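Beneath this line is the structure, given in structure tokens, with notes to follow.
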Amino acid sequence: MTRAGPDLFPAPPGATAGDDDGTPGALLDLYLPLCRDCPERLVVAHLGQSLDGRIAAANGASRWVTGALDVVHNHRMRALFDAVVVGAGTVRHDDPQLTVRAVPGANPVRVVLDTRRRLGPAYRLFNDGAAPTLLLCAAELAGPGERLGQAEVVGVATAGRSLCPRAVLDTLAARGLRRVFVEGGGLTVSRFLAAGCLDRLQITIAPLIIGSGRPSITLPEIEQLGACLRPAVRRHVLGSDVLFDCRFDG
Ligand SMILES: NC(=O)c1ccc[n+]([C@@H]2O[C@H](COP(=O)([O-])OP(=O)(O)OC[C@H]3O[C@@H](n4cnc5c(N)ncnc54)[C@H](OP(=O)(O)O)[C@@H]3O)[C@@H](O)[C@H]2O)c1
């Protein structure tokens, strides 16, 4: 990977220890642990949110919450992982391609979580042939050899009413997809976080207030703030946005 120039990661005024200071060390800290041949199994999620914790407007419009540098960051992340996972809500609202276009690199396998198979076949990623694509659904809804467009339909165990995140990861690992990037939306990332399935969670905060809309992380209620998750965090400045790189892997 080539080193990004200081224009991509400018040093924030008054940067403190733990901040991205624009040095190669800060970039290595963000990307080196994610590079191929580092950990065998790695699950990282990302969300881009407003100051008030929204990832989209109430009608699902989310282009764009964060700035161009965060978009480039997302494409880098896709290029560094075996598979990119999104929930059915993201496909329904965004009709995303989930390919690597803003940076050099190979497209990951695209994985859509749709427990009850509510999505039809017309979405781009089911038809464009740009990368292998899997549609993961409840095991009883997947027939042998079934496809949705060009996507392979794969049955996965459920936990309650949704796909079990661990079963999703085991299903992908059985296909050699051990490095997984969970790209949204909020429900999907929250379920992986609640299940203890994330090694890292990257939240990029943009300086806008949406005021209502789709929430970012939602977890079961807690009684005391002592029960909060307090991951080790490093901050990286992406233009006017700030990426919080949270580590849960010790
Ligand atoms: N700002 C960002 O970073 C960002 C990123 C991505 C998307 N978005 C926006 O976020 C919105 C969508 O987010 P969202 O939170 O509403 O929905 P979402 O996470 O994209 O999708 C949720 C749906 O996916 C399925 N799903 C997710 N996790 C599952 C699991 N573990 N097991 C089974 N099914 C699972 C479920 O579908 P069923 O109920 O059909 O089973 C669930 O209702 C869109 O507006 C999109 O534009 C923003």
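Counting starts at 1 for both ligands and their atoms, in listed order. Bear in mind the structure is a predicted one, so any value in this text is a computation, not a measurement.
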Of the listed options R92, R191, H46, closest to atom 36 (C) of ligand 1 (non-hydrogen atoms): R191
Under 3.5 Å: N/O of S162 near N/O of ligand 1: no
Does any N or O atom in T188 lie less than 3.5 angstrom from one in ligand 1, N or O only? yes
Protein heavy-atom partner closest to atom 21 (O) of ligand 1 - residue, atom, separation in Å: G89 N, 3.0 Å
Which protein heavy atom lies closest to atom 12 (C) of ligand 1, and at what distance to 0.1 Å? T90 OG1, 3.7 Å
Quick one: does R116's side chain get under 4.5 Å of L141's, heavy atoms only? yes
Can you measure from CG (L172) to CZ (R179) and round to the nearest 0.5 angstrom? 13.5 Å
Where is the nearest protein heavy atom to atom 25 (C) of ligand 1: which residue, which atom, and how far? L113 O, 3.3 Å
Do D241 and T204 pair up side chain to side chain, a donor and an acceptor below 3.5 Å, judged on atom types alone? no
Can you tell me how far apart CD (Q202) and CG (L30) are? Round to the nearest 0.5 Å. 5.5 Å
Identity and separation of the nearest protein heavy atom to atom 13 (O) of ligand 1: G185 CA, 3.5 Å
Quick test: of every protein heavy atom, which one is nearest to atom 45 (O) of ligand 1, and how far off is it to 0.1 Å? G60 O, 2.7 Å
Kindly compute the distance separating CD1 (I203) from CZ (R235), expressed to the nearest 0.5 Å. 14.5 Å
Closest heavy-atom approach to atom 23 (C) of ligand 1 among S190, A88, A195 is made by A88
Could you go step by step and tell me if D170 and R41 meet the salt bridge (Lys or Arg N to Asp or Glu O under 4.0 Å) rule? CA-CA 11 Å; D170 288 345; R41 185 159 171 166; 3.2 Å; yes
Is there a polar contact, in the sense of an N or O pair closer than 3.5 Å, between I55 and ligand 1? yes
For ligand 1, which atoms sit closer than 4.0 Å to a heavy atom of A56? 45 (O)
For ligand 1, note which part of E183 has a heavy atom under 4.0 Å away: side chain, backbone, both or neither. backbone
Do ligand 1 and C164 have nitrogen or oxygen atoms that lie under 3.5 Å from each other? no
Using 0.5 Å steps for rounding, measure from the OG1 atom of T171 to the CG atom of L134. 9.5 Å
Shortest heavy-atom approach to atom 34 (N) of ligand 1 - which of T115, D114, V112: T115
For ligand 1, which is the ligand I care about here, please tell me if R118 has any N or O atom under 3.5 Å from one of the ligand's N or O atoms. yes
N/O to N/O below 3.5 Å, does that happen between G48 and ligand 1? yes
Regarding ligand 1, does A61 bring an N or O atom to under 3.5 Å of one of the ligand's N or O atoms? no
Close side-chain approach of F192 to L113, heavy-atom, < 4.5 Å: yes
Could you give the distance from OH (Y123) to CG (D114), rounded to the nearest 0.5 Å? 9.0 Å
How about Y31 and H236: are their ring centroids closer than 6.0 Å? no
Does any N/O atom on L47 come nearer than 3.5 Å to any N/O atom on ligand 1? no
CG of L135 to CZ of F126: how many Å apart, nearest 0.5 Å? 4.5 Å
How far apart are the C-alpha atoms of R147 and E152, what are their side-chain angles, what is the distance that settles it, and do they pass the side chain to side chain contact (heavy atoms under 4.5 Å, CB included) test? CA-CA 5 Å; R147 294 198 167 261; E152 186 181 347; 4.0 Å; yes
Mind checking whether L163 contacts ligand 1 via backbone (N, CA, C, O), side chain (CB onward), both or neither, at a 4.0 Å heavy-atom cut-off? both
Return the option from V156, V65, L187 holding the heavy atom at the smallest distance from atom 22 (C) of ligand 1. L187
State the atoms of ligand 1, each with its element, that fall below the 4.0 Å cut-off from a heavy-atom position in R214. 16 (O)
When you compare the side chains of D70 and H46, does any donor N or O come within less than 3.5 Å of an acceptor on the partner? yes
